[in-house]
Amino acid sequence: MTVETSTRFSPLAAWQDPLAQLPTGVQVRELPCLTQLTLRVEPGSTAAKAVEAALDITLPGPVSAEMSGDVKALWMGPDEWLLVAPDGPADDLIGRLRAAIGDEFATVTDVSAQRTTLALSGHLVRTVLAQGCAVDLDPRVTPVDSCLNTLLAQAPVTLVVRGEAASSVWLLVRSSYASYLATWLVDACTEYRDGLG
């Protein structure tokens with residue numbers, strides 16, 4: 001008898017060493033296999049309030065994120081959020097949400113395999129990202145908890161500002177673009193190898 005098990009693999013497993021060897025001013029690590037759920041619900045509706053109560057969060061408004069709890073909520077559109085939680089069975093979180101929503105109208109979809117997450121930190125993060133991203137990362141424009149769907153080196157990403165002056169960000173990138181983006185990051189950081197720009 002053969003038993004099949006579902007194993008999740010990181011699209012950047014082969015990139016751990018190159019990413020770990022970037023210059024001191026930029027640290028990049030992958031947060032692989034996070035649980036990611038797309039939530040579609042009318043803002044302010046009974047269903048939205050039920051989700052907020054179940055997760056003990058407030059669904060964020062446009063171009064922002066709620067990053068304080070175990071389940072992070074990223075605004076993706078007028079009635080869409082990406083819920084990001086630690087690696088684990090998505091079924092448990094989906095079950096909690098569907099029980100809270102009940103007969104109200106909302107959808108919850110597991111999209112965990114769709115993207116991976118890169119956590120960038122360091123004093124050169126903003127400088128490096130500016131080489132390939134048109135978003136103004138000045139803290140007056142994109143403060144902490146900003147969440148933007150944009151392009152980085154022509155790759156579609158969701159960029160979440162986690163630290164002051166974009167010194168810490170999350171990049172959520174589709175798995176099919178992950179290796180390309182890792183290649184770009186390594187290349188973009190090359191000129192800072194000796195701490196000079």
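When a residue number appears, it is its place in the shown sequence, counting from 1.
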List for me each residue that meets salt bridge (Lys or Arg N to Asp or Glu O under 4.0 Å) alongside R162, sequence neighbours excluded, and say none if there are none.
none
Salt bridge (Lys or Arg N to Asp or Glu O under 4.0 Å) against D79, all qualifying residues, sequence neighbours excluded:
R40
What about L151 and L74, same hydrophobic cluster or not, with Ile/Leu/Val/Met/Phe/Trp/Tyr joined at side-chain heavy-atom distances under 4.5 Å?
no
Count the heavy atoms belonging to other residues, nucleotides or ligands that lie under 6.0 Å from OH of Y180, then report whether that count exceeds 12.
yes
May I ask you to check whether over 12 heavy atoms, not counting those of D136, lie within 6.0 Å of atom CG?
yes
Mind checking side-chain contact (heavy atoms from CB on, under 4.5 Å) for A54 and listing every partner two or more places apart, or none if nothing turns up?
A100
For [X], give me all partners under side chain to side chain donor-acceptor pair (under 3.5 Å), at least two apart in sequence or on another chain.
X	value
T158	N149
E42	none
S68	E66

Min side-chain heavy-atom separation [X]-[Y] under 4.5 Å:
X	Y	result
W184	C189	no
V41	E104	no
V63	C147	no
V84	L31	no
C33	D87	yes

Would you check, one step at a time, whether the test side chain to side chain donor-acceptor pair (under 3.5 Å) holds for E30 with T116?
CA-CA 7 Å; E30 185 188 17; T116 193; 2.5 Å; yes
Are the side chain of E164 and the backbone N or O of V144 linked by a donor-acceptor pair below 3.5 Å?
no
Quick one: does any side-chain atom of T150 pair with a main-chain N or O of P156 as donor and acceptor, under 3.5 Å?
no
In V160, V157, L159, the residue satisfying side-chain contact (heavy atoms from CB on, under 4.5 Å) with W170 is V160
